[in-house]
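In what follows, chains carry the letters A, B, and so on, assigned in the order in which the sequence lines appear, proteins first and then strands, with residues in each chain numbered from 1.
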Protein chains: 2
Amino acid sequence: MENNLNKYSDVKNCPIRTVLDRFGDKWSVLVLLILGEVEKMRFNELLRTMGDISQKMLTVTLRTLEADDLVKRTIYPEVPPRVEYETTERGKSLLKHIHGLAGWAEENKLAILESRNKFKG
Amino acid sequence: MENNLNKYSDVKNCPIRTVLDRFGDKWSVLVLLILGEVEKMRFNELLRTMGDISQKMLTVTLRTLEADDLVKRTIYPEVPPRVEYETTERGKSLLKHIHGLAGWAEENKLAILESRNKFKG
DNA sequence: CGGAATCCCTTCAGATACTG
DNA sequence: CAGTATCTGAAGGGATTCCG
């Protein structure tokens, strides 16, 4: 029983610390969810869809997702330039689990906000 | 189709921003996973199991999880004091989805680290 | 034992200005 | 259009000390 816990104690190899921590930033999950609902989307479309993300953070977020091969970036050498983003197969496989989480978040949102308000610890 | 995206554009009501962002910190998911594998665990046990978390951050993390009613805290008025933590029903329902994510992270860890290394953007 | 309080450093993230 | 570069404030998180 204690053995199951070892993977979380092994700091250097823990999958949560090495993989999931990357999506624990402010924007990655949101970008993945949005790209999961469209075929492709351009940079400024994403910017407008999210509303409250800065240009810089969208760039950083997309580059990180691209590095992990969760999002694919395609540059069309036109004038003006056009760049489109879409999810990769790996990204789609991750999205299945994220949708589970997102659904849970929606279902439990009100109850959680209520608990949060009541809690005066 | 564009309608599906509205919930992500509605900054104030977006379930990702209001609920999931709380678990996007460095430790919450890990604490939940560990508590999900035992019945109860004491403060210092958690500290030792995780290995690289500070006392302060474990306290902060547990309080946040408690406020959202994902973890229950029980104080036994003994000397020396004993405090035990366990997952609530709501915490268990969240854990089902987190296990999906954790499994994905384990399965894809090596491939992702490889992608990350190859990426020189 | 299980914290709380303080200090301090690092990282995150926004604003602004500039570019191919 | 889709970025990059730089600056700066805010937040996250660690180390240390003290307490019931």
Atom-to-atom span, [atom1] of [X] to [atom2] of [N] - whole angstrom:
X	N	atom1	atom2	value
B:Glu45	C:dG3	CD	P	13 Å
A:Glu78	C:dG20	CD	C1'	15 Å
A:Leu58	C:dC12	CG	C1'	16 Å
A:Gln55	C:dT19	CD	P	15 Å
B:Arg63	C:dA4	CZ	P	5 Å
B:Trp27	D:dG13	CH2	C1'	9 Å
B:Leu30	D:dG13	CG	P	13 Å
B:Phe23	D:dG12	CZ	P	15 Å

Closest-nucleotide mapping onto DNA chain C: is B:Leu62 or A:Ile53 further toward the 5' terminus? I mean the 5' end. B:Leu62
For D:dA2, does either OP1 or OP2 sit under 4.0 Å from a side-chain N or O belonging to A:Arg42? yes
Please say whether more than 12 non-hydrogen atoms of neighbouring residues, nucleotides or ligands are located less than 6.0 Å from NZ in B:Lys92. yes
Before giving the answer on side-chain hydrogen bond (donor to acceptor under 3.5 Å, both in side chains), spell out for A:Ser9 and A:Asn6 the whole-Å C-alpha distance, their side-chain angles and the decisive distance to 0.1 Å. CA-CA 5 Å; A:Ser9 308; A:Asn6 286 342; 4.8 Å; no
Selection from [options] that lies nearest to any side-chain heavy atom of [X]:
X	options	value
B:Tyr85	D:dA2, C:dG3, C:dA13	C:dG3
A:Thr59	D:dG3, C:dG3, D:dG14	D:dG3
A:Lys56	C:dA4, C:dA15, D:dG3	C:dA15
B:Asp25	C:dG3, C:dG14, D:dG13	D:dG13
B:Arg73	C:dG3, D:dC1, C:dG14	C:dG3
A:Met57	C:dA13, D:dA2, D:dT17	C:dA13
B:Lys26	D:dG13, C:dG14, D:dA2	D:dG13
A:Asn44	C:dG14, D:dC1, C:dG3	D:dC1
A:Ser54	C:dG2, C:dG14, D:dG3	C:dG14

Can you check whether A:Asp68's main-chain N or O pairs, donor with acceptor, with A:Arg90's side chain at less than 3.5 Å? yes
Six-ring centre of A:Tyr76, A:Arg82 cation under 6.0 angstrom, axis tolerance 45°: yes
Can you tell if the side chain of B:Lys72 reaches within under 4.5 Å of the side chain of B:Thr87, non-hydrogen atoms only? no
Of B:Gly24 and A:Glu84, whose closest DNA chain D nucleotide lies nearer the 5' terminus? A:Glu84
